[in-house]
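First the structure, in the form of structure tokens, and then the observations on it.
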Protein chains: 2
Amino acid sequence: MKRKSVTSRDVAKLAGVSQSAVSRSFSPDAKVAEKTRKKVMAAARELGYRPNSIARSLITRSSRTIAVVTYSLENPFYSFMLEKASRYFQQQGYHLQLFFAPSDNGFDTVIDDIIRSQVEGVLMLAITLDSTQAKEVADFGIPCVVINRTVNFDGISQVGSDNHSGGYWAGHYLASLGHRRIAYIAGLPNSSTDLQRKAGFLEGLAKDGLTCHAVEIGNYRYADACHATRRLFASLPSPDALFCANDLMAIAAIDTLRHEFGLSVPEDVSIIGFDDVPMAAWPSHSLTTLKQPVEFMASKATELLMAQINQVDTAPENIMLPVTPMLRSSTRRSIHHSKKSLKELSDAHHRSAR
Amino acid sequence: MKRKSVTSRDVAKLAGVSQSAVSRSFSPDAKVAEKTRKKVMAAARELGYRPNSIARSLITRSSRTIAVVTYSLENPFYSFMLEKASRYFQQQGYHLQLFFAPSDNGFDTVIDDIIRSQVEGVLMLAITLDSTQAKEVADFGIPCVVINRTVNFDGISQVGSDNHSGGYWAGHYLASLGHRRIAYIAGLPNSSTDLQRKAGFLEGLAKDGLTCHAVEIGNYRYADACHATRRLFASLPSPDALFCANDLMAIAAIDTLRHEFGLSVPEDVSIIGFDDVPMAAWPSHSLTTLKQPVEFMASKATELLMAQINQVDTAPENIMLPVTPMLRSSTRRSIHHSKKSLKELSDAHHRSAR
DNA sequence: CTGAAAGCGCTAACAC
DNA sequence: GTGTTAGCGCTTTCAG
């Protein structure tokens, strides 16, 4: 069934016009007599001709493709972003090339691949670029915007949200609720988001004269956060509040505490997340969290990228959007102490330590 | 900073070799003297040269790109699939072009776009193709596999799971638990998965002499399923069990019932979903569901597509994988009646009807 | 092993 | 308006 590919030349022959007439007929804004275009279209339909956009890209030197690179779609925050951005670019007549960062090293290979592909722009979702890598794409004149990661290089735009303030709010708020053993479940070690959220959190704690009770790493993943929670509550005194570097981990913590430790959230432990993914609002978890303006971030990032693509001289921007505390019911309402005695907590601890 | 694009010709000049020598040096399996390749590579590095893969595609007539089209990433089932498939193709040296089906019509435009792009294969995630559309891509000799949707055309491969049996199991199992008012929350109307799951479900019910208590449409989406649940429980007698065409909707139903109607799952209402997405196993919902072998489906689909790309004569296959009931705790254990009286149910109903 | 030459399928001047 | 011509940057015979 594989038909020999039919070219504009074939169509031209059938339609009795020149090859360039065919080309023109398929360009929306070209001067062609309506009559010619009709003839061409008829012939094209008969032969099943479609313009080869690779050839087109080669000569126009524009691929009308943008690359999106991400490291995982487990967090709905990023799959939402991806969908949002994709639809936007698609609407603008761009194609989207999707890359996943290899879990091992080999990210340079991906960059190389992207450059060879002649994409007109790159959108990085939560991808940490070192300055060599950043310089590499910038030197090639490929517009690039990084979402949710700070990059140590001026030539690249970034859009993110105010992680530090968010962390600060979380720390301060938990302290103001009367919590005194406040722990942290960290995201990906050394990711800028984690660093900033944590730093803000520690400051917020410090403002109330507190220090962080304990830290465990959850890598921004549900399963890892379950383990982190177990470690956190394996020794006494256990935390009475938790700040988790994203919602997915906060949800994991809630689930683990409720179902493995028999603890209540927020009665025994208050929990705050970060992102405000859709499921944070679901009544099953009703998670207090810091809302990143995901929709706005996506549109800002895509528009920024488009601007840089369309006007070569657009300067890279560094956009930091505010986060909004979403008070829900994973944090207790006011100062009071756990309804469970220390004895009970200890029992819960041993129960779960089978 | 935008450097004039450097071509193999530039490299050749600097290295003092012919342009074709440069080309050869960048082809992994070409006969070039090691010495020449060294010279070329040095020159290339100096100039920052990267082969233009568009030009390469044009002449080799192979884009090494496959298109993935999906309609939404809200369901983690599909974002998981997407990630899985992407990583696989990336590993095989293929690029991935991502398309979202426009919510309005306009899907033919996407198909046209895909054909023009000269992709070597198409993976459709939950995309309903009519036979005209299917024929269109098949006629162009583009291998295509459709995941989780039946297509009415022989030329295209499909991989899905046994929706009918899954539905049958759900219907029969709920009946065997003693439920008598079993309702259905439907997915996307007229999607093959919904049709098949529903048909199986009705048969499973019929086997026990039951009919479906009520049906509402949830479009496979969380928010829509919340509304569907409200409608289902707005009138008495309300259902005592629910089969939802996917997990996302089942979770929505659980949340709505528990938090808006004050009903218990599974004590008052048993609920079964479909897919077994990761969060179905989270203890917060512990959803009884029908597991689709998502990992296997993804690998089967990708391998099938690869086979068709590599050997032109590979016949399209139609693969149906078995589903597995995952018994968790959103269904009650054995036959007994709701602990709530009809009076209480009525109260709950009025309470929620503010 | 290497260079010269011939395109891949298309767009974009340029004359007519 | 339309055809003619010259490439886009690369791979691939084909001689040497």
Side-chain angles (χ1 to χ4, degrees), chain A residues 3-41 43-44 47-65 93 112-113 115-120 140, chain B residues 3-41 43-44 47-65 93 112-113 115-120 140:
Chain A
R3 73 174 47 163
K4 188 79 206 72
S5 75
V6 10
T7 72
S8 56
R9 187 155 251 103
D10 302 325
V11 178
K13 208 179 307 169
L14 180 63
V17 297
S18 76
Q19 182 268 332
S20 52
V22 177
S23 170
R24 287 189 186 104
S25 302
F26 278 89
S27 306
D29 35 57
K31 55 282 168 58
V32 201
E34 201 42 49
K35 206 178 130 195
T36 316
R37 176 170 263 143
K38 278 238 169 65
K39 267 197 301 189
V40 168
M41 288 312 187
L47 297 177
Y49 167 76
R50 313 285 174 121
N52 179 329
S53 53
I54 293 186
R56 181 175 208 291
S57 293
L58 182 60
I59 195 158
T60 61
R61 275 187 197 84
S62 81
S63 61
R64 289 196 81 76
T65 294
D112 187 58
D113 221 18
I115 295 175
R116 293 185 184 209
S117 297
Q118 314 290 114
V119 301
E120 299 183 16
F140 267 84
Chain B
R3 73 174 48 162
K4 189 78 206 70
S5 74
V6 9
T7 74
S8 56
R9 189 154 249 102
D10 302 326
V11 177
K13 208 179 308 170
L14 180 63
V17 297
S18 76
Q19 181 267 332
S20 49
V22 177
S23 171
R24 288 190 185 101
S25 302
F26 277 90
S27 305
D29 36 56
K31 54 280 167 59
V32 201
E34 201 41 51
K35 207 178 130 193
T36 316
R37 175 170 263 144
K38 277 239 169 64
K39 266 196 305 190
V40 168
M41 289 312 187
L47 297 177
Y49 167 76
R50 313 285 174 121
N52 179 330
S53 51
I54 292 186
R56 183 177 205 290
S57 293
L58 182 59
I59 196 158
T60 61
R61 276 181 190 90
S62 82
S63 61
R64 288 196 82 76
T65 294
D112 187 59
D113 220 18
I115 294 175
R116 293 184 184 210
S117 296
Q118 315 290 114
V119 300
E120 299 183 15
F140 267 84

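Below, chains carry the letters A, B, ... as their sequence lines are ordered, and counting in each starts from 1. This is a predicted model, so every value here is computed, not measured.
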Can you list everything that forms a side chain to side chain donor-acceptor pair (under 3.5 Å) with [X]? Sequence neighbours excluded, please.
| X | result |
| --- | --- |
| A:E120 | A:Y94 |
| A:S117 | A:Q97 |
| B:T65 | none |
| B:T7 | none |

Exercise. Identify whether any heavy atom of A:S23 sits under 4.0 Å from a base atom; if not, whether one sits that close to sugar-phosphate; answer base, sugar-phosphate or nothing.
Key: base

Quiz item: With a non-hydrogen cut-off below 4.0 angstrom, is A:V22 in contact with a base, only sugar-phosphate, or nothing?
Solution: nothing

Within the pair [X] and [N], is there a side-chain N or O less than 4.0 Å away from OP1 or OP2?
| X | N | value |
| --- | --- | --- |
| A:S5 | C:dG9 | yes |
| A:S57 | C:dC10 | no |
| A:S18 | D:dT4 | no |

Quiz item: Should A:S5 and A:N52 count as side-chain neighbours, where that means a heavy-atom distance under 4.5 Å?
Solution: no

Is [X] side chain donor-acceptor paired with the [N] base, going by distance under 3.5 Å alone?
| X | N | answer |
| --- | --- | --- |
| B:R24 | C:dG3 | yes |
| B:R61 | D:dT12 | no |
| B:R50 | D:dG9 | no |

Starting at atom [atom1] of [X], determine the distance to atom [atom2] of [N], rounded to an integer number of angstrom.
| X | N | atom1 | atom2 | value |
| --- | --- | --- | --- | --- |
| A:I115 | D:dG9 | CD1 | P | 17 Å |
| B:I54 | C:dG9 | CD1 | P | 16 Å |
| B:R37 | C:dG3 | CZ | P | 14 Å |
| A:N52 | D:dG9 | CG | P | 17 Å |

Between [options], which one does the side chain of [X] approach most closely?
| X | options | result |
| --- | --- | --- |
| B:Y49 | D:dC10, C:dG3, C:dC10 | D:dC10 |
| A:R56 | C:dC10, C:dG9, D:dG9 | C:dC10 |
| A:T60 | D:dT13, C:dC10, C:dA12 | C:dA12 |
| B:S20 | D:dG9, C:dA5, D:dC14 | C:dA5 |
| A:R9 | D:dG9, C:dA4, C:dC10 | C:dC10 |

Exercise. Compare every heavy atom of B:V17 with every heavy atom of B:V40, then report the nearest pair and how far apart it is.
Key: CG2-CG2, 3.9 Å

Quiz item: So, for B:S63 and B:S57, which heavy atoms are closest and what is the spacing to 0.1 Å?
Solution: CA-OG, 3.6 Å

Please table the atom pairs, donor to acceptor, closer than 3.5 Å between any side-chain atom in residues 25-36 of chain B and protein atoms at least two apart or in another chain.
{"residue": "B:S25", "atom": "OG", "partner": "B:A21", "partner atom": "O", "Å": "2.8"}
{"residue": "B:S27", "atom": "OG", "partner": "B:S23", "partner atom": "O", "Å": "3.1"}

Quiz item: Considering heavy-atom distances to DNA chain C, does B:I59 or B:G16 have its closest nucleotide positioned more toward the 5' end?
Solution: B:G16

Self-check item: B:Q19 vs B:L58, nearer the 5' end of DNA chain C by closest nucleotide
Solution: B:Q19

Quiz item: Looking at residues 26-36 of chain B, who's got a heavy atom less than 4.0 Å off DNA chain D?
Solution: none

Self-check item: Separation of A:R37 CZ from A:R24 CZ (nearest 0.5 Å)
Solution: 11.0 Å

Quiz item: Going by the salt bridge (charged side-chain N to carboxylate O under 4.0 Å, His left out) test, which pairs reach into residues 48-57 of chain A, not counting sequence neighbours?
Solution: A:R50-B:D112, A:R50-B:E136

Self-check item: Rounded (10°) bend between the five-pair end axes of the helix from C:dC1-D:dG16 to C:dC16-D:dG1
Solution: 30°

